[in-house]
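Below you'll find the structure, written out as structure tokens, and then a few comments.
Letters go in sequence order (proteins before strands), and every chain restarts at 1. The analysis underlying the following values was restricted to heavy atoms, covering all of them including side chains, and did not include hydrogens, waters or symmetry mates.
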There are 2 protein chains.
Amino acid sequence: MSFPPLLEDLIRSLKVLPGVGAKSAQRMAFSLLEGDRLGGQKLAKTLAKAVDGIQHCTSCRNYTQSELCDICANPRRELNGEICVVATPSDVAAIEQTGHFQGRYFVLMGLLSPLDGIGPDELGLDRLANLMATTEVKELILATNPTVEGEATAHYIAEIAQQHNVRVSRIAQGVPVGGELEMVDGKTLGHAFSGRKTL
Amino acid sequence: MSFPPLLEDLIRSLKVLPGVGAKSAQRMAFSLLEGDRLGGQKLAKTLAKAVDGIQHCTSCRNYTQSELCDICANPRRELNGEICVVATPSDVAAIEQTGHFQGRYFVLMGLLSPLDGIGPDELGLDRLANLMATTEVKELILATNPTVEGEATAHYIAEIAQQHNVRVSRIAQGVPVGGELEMVDGKTLGHAFSGRKTL
């Protein structure tokens, strides 16, 4: 390569982004230098600020700029008494958009995965247990992904909740709204049958 | 969405990168905050430095940190008398890696594309003409891509060179080394035949 050192540095640094290899990093660097230097400057500034300023909420572990996130700081949310356990901040955003849930969240920031070294400590489960011991929790709603890791994590947390005598529930699994039965896989269809409701 | 403002800012800023939409930007932001804050900080610093410090070589338009790039600043390269015209800095890097070319480059930073508003001025062709008028150029080698835009640009530059009585050549088109004939498209095969050499 015969790029100037600063450009080499930039290309190397861009490779920390997920899914960005040598070729994409080069394309990104050129595009930042060629098309949009202002956008590049703005990205540099917001990135520096975000890396410094964004931390985890001390109560629910979601991203926040202050000690408590907006949801945990809202007393109406605490009064509701329900805690929804999710894997990532994007799950919180997705659930908030539905407007169906008025309680607080607990963000695991991952799912149990012993092979990757992610155990109960990494998911902050001691903090969740502490929350159940010290505040009034009416119900713990487990909204982890319906995958192997998500199910294992949900089971593990359900046991902790039962030790604290807290009611636990799991979000319903079945056919997605608007989907066609013939396109739905067998396992989902099985869940839809076993979870059927009398009308 | 219910992300803190700094995180929203970061996600919005990441979208200036080519090929990065809302979902990828979110994934990148999470990965920077979760896995690699040090890498994120480094990226912010190098990006700010690069956007400020990298400019175009006043002679060949390639990226450089000083007024002249390393290649243009090398007197041996100028003595050679050949100028290779390419579309992008990556083309320079690719040709340099072969070690086949010992002259200077001229980087167009694009190809003629009237519909996108890219004309001779945007490619710095006045500067190239000036170079041919003021320095001794033995040969202009046109190494733009073998695409419609690349061919059109090569033709246009060839005419300018002929006005300055400079010898012009175009890199050879034919079957790629190591390729199989049955996999090669008809146009390339046609070029390979019309450009055949007597042994």
Side-chain angles (χ1 to χ4, degrees), chain A residues 1-7 9-20 23-24 26-56 62-66 69-71 88-90 92-93 95-97 109-110, chain B residues 1-7 9-20 23-24 26-56 62-66 69-71 88-90 92-93 95-97 109-110:
Chain A
M1 286 294 177
S2 63
F3 296 134
L6 260 179
L7 184 52
D9 268 4
L10 177 57
I11 294 173
R12 209 174 306 121
S13 302
L14 280 167
K15 281 195 269 184
V16 303
L17 297 172
V20 175
K23 280 277 164 191
S24 325
Q26 198 173 305
R27 198 162 53 96
M28 284 176 173
F30 288 165
S31 140
L32 285 169
L33 291 173
E34 222 32 58
D36 200 356
R37 293 215 179 195
L38 269 182
Q41 241 153 7
K42 176 129 201 299
L43 173 57
K45 265 186 222 157
T46 42
L47 182 54
K49 261 199 250 171
V51 167
D52 268 356
I54 295 177
Q55 53 197 41
H56 292 289
N62 199 354
Y63 289 128
T64 169
Q65 287 173 237
S66 33
C69 72
D70 288 353
I71 294 175
T88 68
S90 343
V92 174
I95 296 173
E96 280 297 290
Q97 258 179 339
M109 288 286 167
Chain B
M1 286 296 178
S2 64
F3 296 133
L6 260 181
L7 183 53
D9 269 3
L10 177 59
I11 294 174
R12 210 175 304 121
S13 303
L14 279 166
K15 282 197 269 186
V16 304
L17 297 173
V20 175
K23 279 276 166 194
S24 323
Q26 198 174 305
R27 198 162 52 97
M28 284 177 172
F30 288 165
S31 142
L32 285 169
L33 291 173
E34 222 31 59
D36 198 357
R37 293 215 179 196
L38 269 182
Q41 241 153 7
K42 176 129 201 300
L43 174 57
K45 267 186 217 155
T46 42
L47 182 54
K49 261 199 247 171
V51 168
D52 268 355
I54 294 178
Q55 52 198 43
H56 293 288
N62 199 353
Y63 289 128
T64 170
Q65 285 174 239
S66 32
C69 71
D70 288 353
I71 294 176
T88 68
S90 344
V92 174
I95 296 173
E96 280 297 288
Q97 257 180 339
M109 290 286 167

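- Interface remark: Ile54(B) contributes backbone and side-chain atoms alike to the contact with chain A (heavy atom separation under 4.5 Å).
- In terms of heavy-atom pairs under 4.5 Å with chain B, the best-connected choice from Ala29(A), Gly19(A), Ala50(A) is Ala50(A).
- No side-chain heavy atom of Gln65(B) sits less than 4.5 Å from a side-chain heavy atom of Leu7(A).
- Within the 4.5 Å cutoff, no side-chain heavy atoms of Lys49(A) are placed close to those of Leu10(B).
- Gln26(B) contributes no side-chain N or O that, together with a main-chain N or O of Ser90(A), makes up a donor-acceptor pair within less than 3.5 Å.
- Residue Ser31(A) touches chain B through its side chain alone, counting heavy-atom pairs closer than 4.5 Å.
- Minimum heavy-atom separation, Arg37(A) to Val51(B): NH1-O, 3.0 Å.
- For chain A, the option among Leu6(B), Val16(B), Thr46(B) with the highest count of heavy-atom pairs below 4.5 Å is Leu6(B).
- Among Glu34(A), Gln41(A), Lys15(A), the residue making the largest number of heavy-atom pairs under 4.5 Å with chain B is Glu34(A).
- With respect to chain B, the highest number of heavy-atom pairs below 4.5 Å among Gly53(A), Cys69(A), Gly110(A), Pro5(A) belongs to Pro5(A).
- More than 12 heavy atoms of other residues, nucleotides or ligands sit less than 6.0 Å from atom NZ of Lys42(B).
- Inter-residue side-chain proximity for Leu47(A) and Leu47(B) is flagged as unmet; no heavy-atom pair is nearer than 4.5 Å.
- The contact between Leu33(A) and chain B is made by backbone and side chain atoms together, counting heavy-atom distances below 4.5 Å.
- Between Arg12(A) atom CZ and Leu43(B) atom CG the span is 12.5 Å, to the nearest 0.5 Å.
- With a 4.5 Å cut-off on side-chain heavy atoms, Met109(B) and Phe30(A) do not count as touching.
- Nearest heavy-atom pair, Pro89(A) versus Phe3(B), reported as atom, atom and distance to 0.1 Å: O-CE2, 3.6 Å.
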